[in-house]
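Notes follow once the structure below has been shown.
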Protein chains: 2
Amino acid sequence: MSPSQRDLHDRDCSPGNWPGCDGTEQHADCIHCHIRHLTICGAFEPAELAHVERIVAHRHVTADHQLFEEHEPSEYVYNLASGAMRLCKLLADGRRQITGFALPGDFLGLATRGKYSYTAEAIGDVTVCRFKRAALMALFQRFPQMERRLLGLANDELAAAQDQMLLLGRKTPVEKVASFLFTLSKRLERLGRSGPIFTLPMARADIADFLGLTVETVSRSFTKLKGAHAIALPTPERVEFTNPHVLEALATGEITLQP
Amino acid sequence: MSPSQRDLHDRDCSPGNWPGCDGTEQHADCIHCHIRHLTICGAFEPAELAHVERIVAHRHVTADHQLFEEHEPSEYVYNLASGAMRLCKLLADGRRQITGFALPGDFLGLATRGKYSYTAEAIGDVTVCRFKRAALMALFQRFPQMERRLLGLANDELAAAQDQMLLLGRKTPVEKVASFLFTLSKRLERLGRSGPIFTLPMARADIADFLGLTVETVSRSFTKLKGAHAIALPTPERVEFTNPHVLEALATGEITLQP
DNA sequence: CGAATAGTTGACATCTTTCAATACGTGTGG
DNA sequence: CCACACGTATTGAAAGATGTCAACTATTCG
């Protein structure tokens, strides 16, 4: 939010180990990558992965530091290997909108015409696979199925963006938070973290900027969801779906909370 | 908005003339299409257009009728040839969010995983080029540059969707309307309709559902923009940018209007 | 000419934000 | 091991902005 954050860049992260993908250190080991099937690399035969390994590098970003910034020339494309990131856009006076949260397997920096369309910040420490954009494009020439898969990813992102527009434009705070929890839960489930009970990777302030609300309203909405017995919060970060059906009905606006 | 609108489908529009593209009637004449350069067909050599002509059909949709509906299997993909369309999503109780407006040259029904992600309704009468999805995909196999162009289109749409999220989540009503007018103006300019003075294709209610506001608030925001001498409205549909710089500054939040 | 539709304006209600205070949890240092 | 301090989350009270309801105007179309 503050301009001073710009001084916090952490761009010279030296290559190191890769805790989110496997136990190896120093360089890429795509063949043993645990999240390959979740991302574009899943389009490759094991033998072809050698081509990917040749153009990939690993980077670490520490908590609250930026991987890249909006409007910066998009020389690189990234695949999130471990951790979580917030993707945000800023207004002149500091108002912030988070356009999405990246989880392991997500591609970053694709939706671009030469420049990044958002800033990517680490929530907690993060590991990414970095590709030089031009090298990846060259790879696409040889493996057209990769480009097709990329188109599928872009379409999925687009559909998610449209859902988020409906949320931002027309849902109430409780509906927004219910939708957010429901959607996040399904994403975490795909990553193998159990579905109806999980840990929020991001703080209330991030959730607020994602849903177009203030932290206070987010907090009050959590409280209302607790009151409706839709969720439980053993700690502020730990979420349990005590009544998923009610939560989903609240998220879609099928039912409303009275008081 | 009302469920009864579902009875208004106009799916059996017989093939007819194609006023938005050229003067011919009955069947496609892609070579003389005036908007080809604005869309995916611009990726073809004139000779290759014959392949496109073979799989395209024209359709007319009359005002306020649907071309396709959200959740419907997406058998077809469309290219808007003339007119304008609203792309909308509905909540159970009728709340509506317009995720975008389609103008000539825009592709419809791409961002999909088997089912359309929004409903497309005609604003006024409309002409579209219809492609069977499978046939278009087959064409992509032969012309990979077309797929690349499609990926570019998807990326542009994604960037626009992110801008819209910032608008919906964090901008004030006046900023929303100013942004909307500014962006629409640039799109119309590309289509050859003069930039700083143009006609709104859509009603206030559509603008409201696009910006996450009510008609009344949209109307009041127009009035405020008039008061700031940023725009003039000779008629409710006719917009003139009397001070584009002020309008842009208002749109980005750089300046604010005092009551 | 009258009815219908769309847009604008006004008065008021409501809900979210704002501002302020309190509670909670974690980590540090005595 | 406890006390304290800091950051985060929650709760409360008040203010303000947008939504709601209603009236009025303008334009279009029979």
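Note on naming: letters A, B, ... go to the chains in the order of the sequence lines (proteins, then strands), and numbering restarts at 1 for each one. Note that the structure is a prediction, hence the values are computed from the model and not measured.
- A:R204 contributes no side-chain N or O that forms a donor-acceptor pair with the base of D:dT11 under 3.5 Å.
- The interatomic distance linking B:E216 (CD) with D:dC24 (C1') rounds to 14 Å, in whole Å.
- Between A:R238 atom CZ and D:dA9 atom P there is a gap of 16 Å when expressed in whole angstrom units.
- No salt bridge links A:R204 with A:E237; every basic N to acidic carboxylate O contact stays at or beyond 4.0 Å.
- In the set C:dT8, D:dA9, C:dT16, the nucleotide with an atom closest to the side chain of A:A203 is D:dA9.
- A salt bridge is defined here as a Lys NZ or Arg NE, NH1 or NH2 lying under 4.0 Å from an Asp or Glu carboxylate O, and B:K89 with B:E70 meets this definition.
- Applying the 4.0 Å criterion to OP1 and OP2 of D:dG19, one finds that B:T217 has a side-chain N or O inside that range.
- The NZ-C1' distance, from B:K224 to C:dT9, rounds to 13 Å in whole Å.
- Electrostatic pairing of A:R187 and A:D106 counts as a salt bridge here, judged by a charged N lying under 4.0 Å from a carboxylate O.
- Contact annotation: A:S219 does not reach the phosphate of D:dA9 (side-chain N/O to OP1 or OP2, under 4.0 Å).
- If you measure from atom CG of B:L213 to atom P of C:dC15, you get 18 Å, rounded to the nearest angstrom.
- In this structure, CG of B:D64 is placed 12 Å from P of C:dT5, rounded to the nearest angstrom.
- To the nearest angstrom, P of C:dA6 lies 14 Å from CD1 of B:I207.
- With DNA chain C read from its 5' end, the first of the two nearest nucleotides for A:P236 and A:T172 is the one closest to A:T172.
- Contact annotation for A:T223: backbone-only contact, meaning every heavy-atom pair under 4.0 Å involves sugar-phosphate atoms and none involves a base.
- For C:dT18, its base sits under 3.5 Å from the side chain of A:R220 at one donor and acceptor pair at least.
- Salt-bridge check for B:R86 with B:D209: failed, with every basic side-chain N at 4.0 Å or more from each acidic carboxylate O.
- B:K176 has its NZ atom 10 Å from the C1' atom of D:dT18, to the nearest Å.
- Here the straight-line distance linking atom CD of A:Q162 with atom CG of B:L87 works out to 8.0 Å at 0.5 Å rounding.
- Between the P atom of C:dC24 and the CG atom of A:L233 lies a distance of 14 Å, rounded to the nearest Å.
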